[in-house]
Amino acid sequence: MREAQVTRNTLETQISVKINLDGSGKAKLATGVPFLDHMLDQVARHGIFDLEITAKGDLHIDAHHTVEDIGITLGQAFAKAAGDKKGVRRYGYAYVPLDEALSRVVADLSGRPGLDMRVEFARARIGDFDVDLLREFFQGFVNHALVTLHVDNLKGDNAHHQAETVFKAFGRALRMAVELDPRVGGVPSTKGSL
């Protein structure tokens, strides 16, 4: 089993993430940010990862530190669980619709952090959640997972649908990228490492 557990404690947040890349899509989430819990549940279910995340953050200020630090800690756990990446497909992509919304996410387990995110949300808030924080989440993730990620919302009029298609596609793209391919003898790179 490719699994890892990482804890991150700062003056602003206390985060614990446990991930199993070969799981069954179970999620146990308690971040203190209900909309983020809903999005992370999509990652677990569509990535078919087992995911446990608990967080306590300075939510009396706002959700920024909590959301960003969850992205960082999830990225660290993902990198640890992926290990040396021998035998993985390396690349993954997914297109996911939800009613009028359609998003595409493409991932490369490159060993290099990179984020190109092009999502113009229909509104600035989804309930109490500030949509700007989604970029902070993904930036934290790629910086620590060492993954290149392209996130594009191709269309959508409902901000909730836009975000949900992004997270579902994110889970499915990662699922494809970490999938073991028996034809890959080692690390899928001419450099010999990722």
Side-chain angles (χ1 to χ4, degrees), residues 1-33 36-37 39-57 65-94 105-115 117 134-151 167-182 184-189 191-194:
M1 292 292 223
R2 295 173 296 166
E3 53 191 346
Q5 184 164 3
V6 174
T7 301
R8 175 182 169 86
N9 291 308
T10 72
L11 295 176
E12 298 166 336
T13 63
Q14 296 81 51
I15 315 283
S16 176
V17 173
K18 185 176 180 183
I19 190 169
N20 179 349
L21 300 180
D22 302 305
S24 60
K26 292 183 228 159
K28 186 176 178 185
L29 306 162
T31 69
V33 183
L36 185 61
D37 285 350
M39 294 300 101
L40 292 168
D41 190 36
Q42 305 305 322
V43 175
R45 289 180 190 275
H46 293 276
I48 314 183
F49 305 136
D50 289 342
L51 191 57
E52 290 182 28
I53 301 177
T54 58
K56 290 187 191 302
H65 299 138
T66 302
V67 173
E68 180 180 31
D69 286 5
I70 289 168
I72 289 169
T73 313
L74 179 60
Q76 291 170 333
F78 181 87
K80 190 174 177 183
D84 62 11
K85 303 175 200 156
K86 283 186 180 169
V88 299
R89 294 191 186 279
R90 177 179 171 174
Y91 301 101
Y93 65 92
V105 174
V106 182
D108 176 7
L109 308 186
S110 61
R112 296 180 306 278
L115 176 64
M117 183 170 173
L134 296 180
R135 178 176 292 277
E136 302 303 322
F137 169 85
F138 285 114
Q139 191 67 64
F141 177 84
V142 300
N143 286 350
H144 293 271
L146 301 178
V147 168
T148 299
L149 200 64
H150 288 256
V151 179
F167 274 83
K168 287 176 177 176
F170 174 59
R172 293 187 72 84
L174 290 182
R175 170 183 164 189
M176 180 187 288
V178 299
E179 187 175 48
L180 296 172
D181 184 337
V184 178
V187 175
S189 170
K191 289 186 265 237
S193 69
L194 290 170

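All residue numbers in this chain count up from 1 along the given sequence.
In this structure the side chain of Leu40 reaches within 4.5 angstrom of the side chain of Ile70, judged on heavy atoms. A heavy-atom distance below 4.5 Å is found between the side chains of Arg90 and Ser110. Residues Ile72 and Glu68 form a side-chain contact, since some pair of their non-hydrogen atoms from C-beta on lies under 4.5 Å apart. Side-chain contact between Leu180 and Val88: present, with at least one pair of heavy atoms (C-beta onward) separated by less than 4.5 Å.
Rounded to the nearest 0.5 Å, atoms CG (Leu51) and CG (Asp41) are 9.0 Å apart. Between the CD atom of Gln14 and the CZ atom of Arg8 there is a distance of 11.0 Å, given to the nearest 0.5 Å. Atom CE in Met117 sits 10.0 Å away from atom CD in Gln139 (nearest 0.5 Å). Leu194 CG to Arg112 CZ: the interatomic distance, rounded to the nearest 0.5 Å, is 8.5 Å. To the nearest 0.5 Å, atoms CZ (Arg45) and NZ (Lys26) are separated by 11.5 Å. With rounding to the nearest 0.5 angstrom, the CD atom of Gln76 is 10.5 Å from the CG atom of Asn143.
In this structure, the side chain of Asp22 does not engage the main chain of Met1 through any donor-acceptor pair within 3.5 Å. Using a distance-only test at 3.5 Å, with no hydrogens or angles considered, no donor-acceptor pair links the side chain of Thr31 to the main chain of Val67. Checked by atom type and distance alone, the side chain of Asp108 never pairs as donor or acceptor with a backbone atom of Tyr91 at under 3.5 Å.
Scanning both residues, Ile19 and Ala81, for their nearest heavy atoms gives CG2-CB, 4.0 Å. Pairing each heavy atom of Ala169 with each of Val105, the nearest pair is CB-CG2, 3.6 Å. Closest heavy-atom contact between Ala77 and Ala4: O-CB, 3.5 Å. For the residue pair Leu146 and Pro113, the shortest heavy atom distance occurs at CD2-CD, 3.8 Å. Residues Gly92 and Met176 share a closest heavy-atom pair of CA-SD, 3.5 Å. In terms of heavy atoms, Val147 sits closest to Ala107 at CG1-CB, 4.4 Å.
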Under the side-chain contact (heavy atoms from CB on, under 4.5 Å) rule, what do Phe78 and Val178 come out as? Steps first, then yes or no, please.
CA-CA 10 Å; Phe78 181 87; Val178 299; 3.4 Å; yes
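Remark: Asp181 engages Arg89, Arg183 in a salt bridge (charged side-chain N to carboxylate O under 4.0 Å, His left out) (not counting sequence neighbours). In this view, Phe138 and Phe167, Phe170 satisfy the ring-ring contact (aromatic ring centres under 6.0 Å, His included) rule, not counting sequence neighbours.
Note on residues 4-24: no pairs pass ring-ring contact (aromatic ring centres under 6.0 Å, His included), not counting sequence neighbours.
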